[in-house]
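One structure is given here, and the rest of the page talks about it.
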Amino acid sequence: MAKASIAKGMRDFTSFEVLRREYIISVIRNVFESFGYGPLETPSMENLETLTGKYGDEGDKLIFRVLKSGDFLKSVPENLERNASTWSSLISDKALRYDLTVPFARFLANNRNDIKLPFKRFQIQPVWRADRPQKGRFREFYQCDADVVGSNSLWQEVELMQMYARVFDALLLPVKIRISSRRILADMAEFCGVGDRFMAFCIILDKVDKVGVEEVVRQWVELGVPTEKAQQLIDIIALRGEPAVEALKALGATGNGLEEVSWVIEKFSKFNSDSVLEFDPSLARGLDYYTGCIFEVEALNSSFGSLGGGGRYADLTGIFGLKDVPGVGISFGLDRIFLALEEADLFPDSIQDAPDVLGVQLSEDSAETVFRVVSQLRENCVIAEFYPDAVKLKKQLDYAHQRGIRYVVIIGENELANNTLQLKDMKEGEQFEIDMEDFMENPINYLDLN
RNA sequence: GUGGUUGUAGCUCAGUUGGUUAGAGCGCCUGAUUGUGGUUCAGGAGGUCGCCGGUUCGAGCCCGGUCUUCCACCCCA
């Protein structure tokens, strides 16, 4: 192990990677902006009490807490029992944000008087989770969120689904958007007679594609569901789309979740898209605050988790003292989209960090002239780099080759004497001697840039 | 947080039941080409075997700890 290693679950990004990440972000950002969502940024850290209790017990454990500054043991009583949670609230008073939704809710509550409803914002920032890393799962990762608050209209759901579709269409990544509703899940739990153990019911259901139907039935029965009803429901869970809706209706679902989901799908389908939006009764996202529709996006052929998720929450800001503000939002997982695009080899070739031209000097006498040419190229919006040392030409050409630079401008004694320059096309392997004044007049004439 | 897994040259990996000086491919450097990359040829450099400790006459190999990677839980993007 090197003396200095990188913190667990954290990553460096090379320029190659940063440019690809920026490509994804630009696609998402353009879609967000085209729908009228405005950017918001919130701080990396929030007060600890802003975050705790918002993500369930499991979520609380995954929050990165930050020590108080100075003598943080000052407020710990002598002989306090060794208990992590009592200690942490004494020695820590702030934490890295765990998602973008809760900070957004805090922002809304803080600025309630200045915000016109319905309010739309998007937010593209890193979040941190003290999770154990795996493929596609990091301790620091970017979320790209779009939320709208202040409207109960299902048209917002349609709009957000369209935003999902627009982004993945633009990235050429085929995805399936799964949609369901917490109300449908509640109906199912009610049907099974375990409405009071709703969360446990959902957690078992959510695992169906991993552990299989038999295991889900077994666990449901263990939870208290009559075997007959568990069997009846599990057959429906395997259905998708309209047949699933009909089957659930036949069971006597009383909430209007089915109508809502069907309505959203129907409206969505009137607008063309390569992406699929489908009712999936096995979808059971667990986040505590969702109350209506829930969504999840997955790549059609990916080996890791979802690319994004979201849902409707009837009252997100209530915990911060701002009542009755409904909202609905979606999130894109930048890092997973990155992996999906990489796996499917879908990054455009045009993303590259190589300059168009490298200026090469054969002797220190020619350096100033080369530098002048390079400067002129930049004036003409050509990305140009100046090789700083008069080392062997072989070495400088090799550098250009390695970096993928298309053109090299070579100036040595002969060129200085003739007032010319050599323009070498590294791709075609051709080289031309060009009059210096002609080239400086309009360098783009001599370059084939795209 | 629980259980497992991985770590050998810049990269991908080999390394026999523990036994001399730890190897290969690719990459890198130098030269053939004193002003021409990508091909070829010749030569060369580079490793505290993740880290710490233990067993042993002797450890890359066995044992313990630790860090890291990946996997399954948990949960999620």
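Because only heavy atoms are used, hydrogens play no part in the values below, and waters and symmetry mates are left out as well, while side chains stay in. Within every chain, numbering begins at 1; the chains are lettered A, B, ... in the order of the sequence lines, protein sequences first and strands thereafter.
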Pairwise [atom1] distance, [M] and [N] [rounded to whole Å]:
{"N": "B:C70", "M": "B:U55", "atom1": "P", "answer": "35 Å"}
{"N": "B:A42", "M": "B:G53", "atom1": "P", "answer": "45 Å"}
{"N": "B:A45", "M": "B:G25", "atom1": "P", "answer": "15 Å"}
{"N": "B:U21", "M": "B:U17", "atom1": "C1'", "answer": "22 Å"}
{"N": "B:U6", "M": "B:C71", "atom1": "P", "answer": "14 Å"}
{"N": "B:A77", "M": "B:U2", "atom1": "C1'", "answer": "23 Å"}
{"N": "B:G47", "M": "B:G10", "atom1": "P", "answer": "8 Å"}
{"N": "B:A24", "M": "B:A14", "atom1": "P", "answer": "16 Å"}

Cationic N near anionic O, under 4.0 Å, A:Asp131 to A:Arg139: no
SB check A:Arg403 A:Glu385 (cutoff 4.0 Å): yes
Going by purine N1 to pyrimidine N3 plus the second Watson-Crick contact, or the G-U wobble pair, all under 3.5 Å, which nucleotide sits opposite [N]?
{"N": "B:G38", "answer": "none"}
{"N": "B:C62", "answer": "B:G54"}
{"N": "B:U2", "answer": "B:A72"}
{"N": "B:C26", "answer": "B:G10"}

What does [X] touch in the nucleic acid at a heavy-atom separation under 4.0 angstrom: a base, only the sugar-phosphate, or nothing?
{"X": "A:Asp335", "answer": "nothing"}
{"X": "A:Gly404", "answer": "nothing"}
{"X": "A:Lys61", "answer": "nothing"}
{"X": "A:Gly136", "answer": "base"}
{"X": "A:Lys210", "answer": "base"}
{"X": "A:Gly429", "answer": "base"}
{"X": "A:Glu430", "answer": "nothing"}
{"X": "A:Ile410", "answer": "base"}
{"X": "A:Gln134", "answer": "base"}
{"X": "A:Phe138", "answer": "base"}

Choose from B:G37, B:C75, B:G1 the nucleotide whose nearest atom is closest to any side-chain atom of A:Glu58. B:C75
Can you identify which nucleotide, out of B:C75, B:A77, B:U69, has its nearest atom closest to the A:Ser306 side chain? B:A77
Return yes when atom CD of A:Glu428 has more than 12 non-hydrogen atoms of other residues, nucleotides or ligands closer than 6.0 Å, and no otherwise. yes
Looking at A:Glu437, I'd like to know if its CD atom is crowded, meaning that more than 12 non-hydrogen atoms belonging to other residues, nucleotides or ligands lie closer than 6.0 Å. no
Check: [X] side chain, [N] base, donor-acceptor under 3.5 Å:
{"X": "A:Asp398", "N": "B:G38", "value": "no"}
{"X": "A:Arg132", "N": "B:G3", "value": "yes"}
{"X": "A:Arg137", "N": "B:C75", "value": "yes"}
{"X": "A:Gln361", "N": "B:G35", "value": "no"}
{"X": "A:Lys424", "N": "B:U36", "value": "yes"}
{"X": "A:Arg336", "N": "B:C76", "value": "yes"}

Tell me: [atom1] of [X] to [atom2] of [N], nearest whole Å?
{"X": "A:Lys395", "N": "B:U34", "atom1": "NZ", "atom2": "C1'", "value": "17 Å"}
{"X": "A:Lys392", "N": "B:U36", "atom1": "NZ", "atom2": "P", "value": "10 Å"}
{"X": "A:Met426", "N": "B:U36", "atom1": "CE", "atom2": "P", "value": "13 Å"}
{"X": "A:Asp131", "N": "B:A72", "atom1": "CG", "atom2": "P", "value": "13 Å"}
{"X": "A:Ile28", "N": "B:A77", "atom1": "CD1", "atom2": "C1'", "value": "11 Å"}
{"X": "A:Tyr55", "N": "B:C76", "atom1": "OH", "atom2": "P", "value": "12 Å"}
{"X": "A:Leu283", "N": "B:A77", "atom1": "CG", "atom2": "P", "value": "11 Å"}
{"X": "A:Met10", "N": "B:U68", "atom1": "CE", "atom2": "P", "value": "11 Å"}

Would you say the ring centers of [X] and [Y] fall short of 6.0 Å from each other?
{"X": "A:Tyr164", "Y": "A:Phe332", "answer": "yes"}
{"X": "A:Trp128", "Y": "A:Tyr98", "answer": "no"}
{"X": "A:Tyr37", "Y": "A:Phe122", "answer": "no"}
{"X": "A:Phe432", "Y": "A:Tyr446", "answer": "no"}

Assign each of A:Glu415 and A:Pro133 the nucleotide of RNA chain B bearing its closest heavy atom; nearer the 5' end lies the nucleotide of A:Glu415
Sorted by position of nearest nucleotide on RNA chain B, 5' first, the leading residue of A:Lys8 and A:Arg139 is A:Lys8
With a 4.0 Å cutoff (strictly under), does any side-chain N or O of A:Gln402 reach OP1 or OP2 of B:C28? yes
For B:C74, does OP1 or OP2 lie under 4.0 Å from any side-chain N or O of A:Lys207? yes
Kindly indicate, with the supporting measurements, whether the criterion side-chain hydrogen bond (donor to acceptor under 3.5 Å, both in side chains) is fulfilled by A:Glu49 and A:Thr52. CA-CA 5 Å; A:Glu49 64 265 26; A:Thr52 49; over 6 Å; no
With the criterion set at under 5.5 Å between ring centres and under 30 degrees between planes, would B:A77 be stacked on A:Phe332? no
